[in-house]
Each structure stands twice: as C-alpha cells, then as structure tokens.
Amino acid sequence: MKKALRWAAVGIGGLLGLVVVALAAVYGISQARIDRHYDVPEVALAIHDDSATLARGKHLVITRGCVDCHAANLGGQTFIDDPAIGTLYAANLTRGKGGVGASMSDADWAHAIRHGIKPDGTPLLFMPSTEFNRLSDSDLAAIIAYLKSLPPVDHQLGRNRVGPLGRILYLAGKFPLLPAEQIDQSIVHRTAPPAGPTAEYGAYLATACSGCHGESFSGGPIPGMPPGTPPAANLTPDPSTGLGKWTEAQFTAVLRTGRKPDGSMVKAPMPWQLTTHLSDDEIHALWLYLRTVPAKGLAQG
C-alpha cells in the first residue's frame, strides 16, 4: 500500500512538473510575441481641424465602434477582467490625467489605429486594427483630428495583464490578443471608393463588421468573447441562417432600432446603438454589398 502511494505521489509530482514546464513555455512564447518590436514606416497625413473634418471624425469614431471599447467619452475603461483570461483596458484617449492624448504624435495615432502598434513599436493588446487597417488616409486623418480635439478626461487605468488561459487561447488561435500580427505592416497608404449608396462603398464600410461577423460575414462565435456570449449573426444571403429572406427595410430596422423581423431585440454585443448613427446611404451601401457575398451557413467556430 505504501509503495503504491509512493508511486502515485511520484506520478502526481511528475505530472505537476510537466504542467509547470508547459506553462513556462506558454508564458515564454507568448511574452516574446507580446514584446516583439515592429518597424512601421511613418506616413504623412494631412490633419485638418475644420468643422467638417471633425464631424467626419466623430461619425467614424462612433460608427466604427471606438466608443464601444474606449467608453462614450473616450476616457477608457476595463473591457476584460477575468483572473484566468487577464485584465485588459481600453486606453484613455484624451489629454486628461491617465490619458495618452497629450503624448501621441500624428504618426503615433496612425500606427496605433491602422497598425495596432504602440509608440515604442510593440503591439497593442486586443486593439482591432485588422478592421481599421483598411481605413483610407482621409478617414484616418479625420479620426486623428477628432481625437486630438477631445476634452480632457481624468481617468487613470491600471496595467494590462494577460492570464494563463488568455495566453493558451492566444497561442491556440482562439483569442485575438495581438491583431498586429495579422496586418501587412508595410502598407501605409489606403484609399476608399467614393462615398455613396454603392456595393463598393458598402464593402469598405463592412470591414468594421468583420471583427465579430468574420471575414466571410457568416457569423458564429465571436473571437475573444466569454462563454455564453451570443454568436454573431450570419450576414450572408443564406436563406436558412442568414439574411436570404430579409428585406432591406428589415435590415435597416435592426441597425436603426435593434429590433429583428420577429419583433425581438438583438442581443449584446451587437452595437445597434452605434449603427443607428449610420446614414441612409451607408446602410443602403452595406445592404447592397452583403447581397453580393457568397451565401454560407452560420459559422460554427
């Protein structure tokens, strides 16, 4: 009996040793990628502060979802707080105490928004720059102009911390911790089709939807969201699980009011309170584009 117990203790000790070694490897590999330095060329943007540019920048900041993570006043907030996953903060973007606005150059803003890179060249955590990377130079400049005009908000945030499960999920490709890795960092200029009610402009707008609904727009589990989060809707023309049987009026109603054709409300994290600010032409452009994407069943993750 004692011999069996000794062998069991040895086995448990060996297993624990393997777990420690595995966790050390996970930490070392993930931290090396978190600490990676990116050399991103600077881009010269024409930043104007006229009323039309600031209005355009504000519209983009709202409809592109910046306020969803960084708070309505863009003073930052905690968006993940889980001992296993980690504690991650969306930065205070203003010039107030605890904010980054006072220290950011135009190039710093461009690198952060379009490339997911901090001023020191290391990647931002969880910043969805894969969606913002395709912003045109003029739209990026408008966002920067608006951010620079923000009134200061005093809000001191803590330090980001990535937990063991967050690191494991990241290395397994299930947690979009470092979007900078998915971006072609050599591209520093972007253009957009003319704004208007066209499928081409809708494709440009739809990049803001791809973070949740996927590159194919077939929806499904949202990367990085906690268990129990409703899946993103299938936006393809699939007649069974997508928008194949929807009308444009029903699509518009969801974006304007959050109400689905059956009368129920869409569930968080669908940000209909933000999409309600889209113009009629923008919603029509999105509808036209989504009718052109290949029909697919709801993604299962």
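These figures come from a predicted structure and were not determined experimentally. Count residues from 1 along the sequence.
When hydrophobic clusters are built by joining Ile, Leu, Val, Met, Phe, Trp and Tyr residues whose side-chain heavy atoms come closer than 4.5 Å, directly or via intermediates, L290 is grouped together with M270.
Side-chain atoms of D81 and T78 form no donor-acceptor pair, as typed in the model, at a separation below 3.5 Å. For the residue pair S264 and D262, a side-chain donor N or O sits within less than 3.5 Å of a side-chain acceptor on the partner. The closest side-chain donor-acceptor pair between T207 and R64 falls under 3.5 angstrom. Looking at S218 and N234, their side chains never bring a donor and an acceptor atom within 3.5 Å of each other. Side-chain polar atoms of H284 and E248 form a donor-acceptor pair below 3.5 angstrom. Counting only N and O atoms by type, the side chains of Y204 and D139 include a donor and acceptor under 3.5 Å apart. With hydrogens and angles left out, the side-chain atoms of S186 and D184 include a donor and acceptor closer than 3.5 Å. H59 and E282 share a side-chain donor-acceptor pair at under 3.5 Å. Side-chain atoms of S279 and D281 form no donor-acceptor pair, as typed in the model, at a separation below 3.5 Å. For Y170 and R33, the side-chain atoms include at least one donor-acceptor pair closer than 3.5 Å.
In terms of the ring-ring contact (aromatic ring centres under 6.0 Å, His included) criterion, H213 has no residue partners (sequence neighbours excluded). The salt bridge (charged side-chain N to carboxylate O under 4.0 Å, His left out) search around D108 returns none, not counting sequence neighbours.
With a 4.5 Å cut-off on side-chain heavy atoms, T53 and D50 count as touching.
For the residue pair M225 and P269, the shortest heavy atom distance occurs at CE-CG, 4.0 Å. Residues V67 and L74 approach most closely at CG1-CD2, 3.8 Å, considering heavy atoms. Scanning all heavy atoms of the two residues, the minimum distance from Q156 to G98 falls at OE1-CA, 3.5 Å. Shortest non-hydrogen contact noted between R167 and V162 is NE-O, 3.2 Å. Between I283 and T252 the shortest heavy-atom distance is CG2-OG1, 3.5 Å. Residue R291 comes nearest to P237 through the heavy atom pair O-CG, 3.8 Å, listed as atom of the first residue, atom of the second, then distance.
Using a 4.0 Å cut-off between charged nitrogen and carboxylate oxygen, R161 and D82 do not count as a salt-bridge pair. Salt bridge status for D137 with R190: absent, with no side-chain N to carboxylate O gap under 4.0 Å. A salt bridge links K148 and D106; the closest N-O separation between the charged side-chain nitrogens and carboxylate oxygens is under 4.0 Å. Residues E215 and R134 are paired through a salt bridge, judged by an N-O separation under 4.0 Å between the basic side chain and the carboxylate.
Put simply, the side chain of T94 never gets that close to the backbone of G99: no donor and acceptor are under 3.5 Å apart.
Checked against I34 for a side chain to side chain contact (heavy atoms under 4.5 Å, CB included), the options L177, I29, T122 give a single hit: L177.
You'll find the ring centres of F251 and W287 inside the 6.0 Å limit. In this structure, F175 has its ring center closer than 6.0 angstrom to the ring center of F126.
Remark: I117 CD1 to H111 NE2 distance equals 8.5 Å, nearest 0.5 Å.
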Practice task
Decide salt bridge (Lys or Arg N to Asp or Glu O under 4.0 Å) for R256 and D280; before the verdict, give the C-alpha distance in whole Å, the side-chain angles of both, and the deciding distance to 0.1 Å.
Solution key: CA-CA 10 Å; R256 286 269 188 260; D280 291 343; 2.6 Å; yes
Problem - Pair V61-I143, side-chain contact (heavy atoms from CB on, under 4.5 Å): steps then yes or no - result: CA-CA 7 Å; V61 163; I143 289 175; 4.1 Å; yes
